[in-house]
There are 2 protein chains.
Amino acid sequence: MTKEVFTDPRITAMGLLNEVHAGLNEKFQPLLAAHKLSLAEFDVLIRLARSPRYRLRMSDLAAQTILSTSGVTRVVDRLERDGLVTREACPSDRRGFFAVLTEAGQDRVERILPEHNALIETWFTGLLAPEALAALEDTLRTVRDAVRPSSTAGVTGEVERACLRRPDRSEPVAASE
Amino acid sequence: MTKEVFTDPRITAMGLLNEVHAGLNEKFQPLLAAHKLSLAEFDVLIRLARSPRYRLRMSDLAAQTILSTSGVTRVVDRLERDGLVTREACPSDRRGFFAVLTEAGQDRVERILPEHNALIETWFTGLLAPEALAALEDTLRTVRDAVRPSSTAGVTGEVERACLRRPDRSEPVAASE
DNA sequence: AGTAGATTGTTGTTGAGGCAAGTACAACTG
DNA sequence: CAGTTGTACTTGCCTCAACAACAATCTACT
């Protein structure tokens, strides 16, 4: 069996990316577990917190996160049961719903995020020289724009228009998680 | 609600990392699905293919992959059921088992990997200038070594000794997935 | 208006994987 | 050598998410 195919230098970068991703998420797990949140739930909360009027369409959440639309339905179910999010009907499209962050949800995010950011600093950004970090972001942005063109759905800030067709993609905004 | 905490520049890099990871894995999914493999299964197969004598201890697999030990048990169950892997008792430690890649497993990996590498080239490494890629690998390695010190468990090449205590970590070898 | 087709969101089913408890063995202690 | 402690897996139970089928609604075309 030829071994060259296993040691192809291209897979090195891919392997490193995967390991870094997995390792960092491992580091975040304890904090999230302490607040009874899964990664997917935290992701949804943060995206809502960063959105105008703390709301996003269910389908926009699905586009932004790693979740399918049914996954979003269930995550929002859980968050709603815990009082962190509510559903609000879209006035102009009766099929649509907004997930809206409640006051309790905002508090929860506000309480977790500083610790979470500290973990990122400790295990990731703090390990890198400023120019290395900048270069990394440039590089990642290049790849992101290639593989994930829809990652900014619903963040144009025109919430009033968000009930209409999904607006055009605007300048990419790096999502939080 | 103060918004600074949401736009903290530190989380930008983290968000990009997550999006790149998710986006790339999305690109790999069709190929793996065509071969009836999950990402975890493919990961295990590749790690076995890269290991001396195509074998690793179950616990080493757990340390290298994102899986827990019970997760490894079940993944190997499936791979064994499909004839790609067999379990082999460790002669010197009767608690231990090796997962060993069968001929069929080697063939399967050999058939998939070129296509997989091509996808990596198309969506990731091919998008970057050589020096940008090298810088990325350096940066990722720095973070990886911090968050994932055990990622090279069982790759020292001393298979005969692998039945004893897990050997010292040697020079990190970027894993494939 | 009227119907075809697309889109939004929810639900039933299936399967993956983590945790904790259990079994079997190894290594250390006195 | 008996007893304790630690390690290597496995198994039962649970949570979670994807897929597909479905209901409701919107859009476009005639």
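In the text below, chain A, chain B and the rest are named by the order of the sequence lines, each starting its count at 1.
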From C-beta outward on [X], which listed nucleotide comes closest to its side chain: [options]?
X: A:T73; options: D:dC16, C:dA26, C:dT10; answer: C:dT10
X: B:R57; options: C:dG17, D:dA8, C:dC25; answer: D:dA8
X: A:R95; options: D:dC26, C:dT10, D:dC16; answer: D:dC26
X: A:L67; options: C:dG9, D:dC26, D:dA18; answer: D:dA18
X: A:S68; options: D:dC9, C:dG9, D:dA18; answer: D:dA18

Nearest 0.5 Å, what's the [atom1]-[atom2] distance between [X] and [Y]?
X: A:Q64; Y: A:R47; atom1: CD; atom2: CZ; answer: 5.0 Å
X: A:L31; Y: A:L37; atom1: CG; atom2: CG; answer: 9.0 Å
X: B:W123; Y: B:N25; atom1: CH2; atom2: CG; answer: 14.0 Å
X: A:Y54; Y: A:E103; atom1: OH; atom2: CD; answer: 8.5 Å

Could you give the [atom1]-to-[atom2] distance, from [X] to [N], as a whole number of Å?
X: B:L32; N: C:dA16; atom1: CG; atom2: P; answer: 14 Å
X: A:D60; N: C:dT8; atom1: CG; atom2: C1'; answer: 11 Å
X: A:N25; N: C:dG18; atom1: CG; atom2: P; answer: 13 Å
X: B:R81; N: C:dG15; atom1: CZ; atom2: P; answer: 10 Å
X: A:F97; N: C:dT10; atom1: CZ; atom2: C1'; answer: 10 Å
X: A:R78; N: C:dT10; atom1: CZ; atom2: C1'; answer: 15 Å
X: B:D43; N: C:dG17; atom1: CG; atom2: P; answer: 11 Å
X: B:K36; N: D:dC19; atom1: NZ; atom2: C1'; answer: 14 Å

Any base atoms under 4.0 Å from [X], or only sugar-phosphate, or nothing? Heavy atoms, all strands.
X: A:V72; answer: nothing
X: B:A62; answer: nothing
X: A:R74; answer: base

Below the 4.0 Å mark, does D:dC9 have OP1 or OP2 next to a side-chain nitrogen or oxygen of B:S59?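 Checking B:S59 against D:dC9: at least one side-chain N or O falls below 4.0 Å of OP1 or OP2.
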5'-most by nearest nucleotide on DNA chain D - B:G96 or A:V75: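 Per heavy-atom nearest nucleotide, the more 5' residue is B:G96.
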Using heavy atoms to find the nearest nucleotide of DNA chain D for A:R94 and A:I66 separately, return the residue whose nucleotide is more 5′.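 The 5'-side residue here is A:I66.
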What orientation do B:F28 and B:H116 show, parallel under 30°, tilted 30 to 60°, or perpendicular over 60°?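 Tilted.
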Closest-nucleotide mapping onto DNA chain C: is B:S70 or A:T69 further toward the 5' terminus? I mean the 5' end.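 Final value for this comparison: A:T69.
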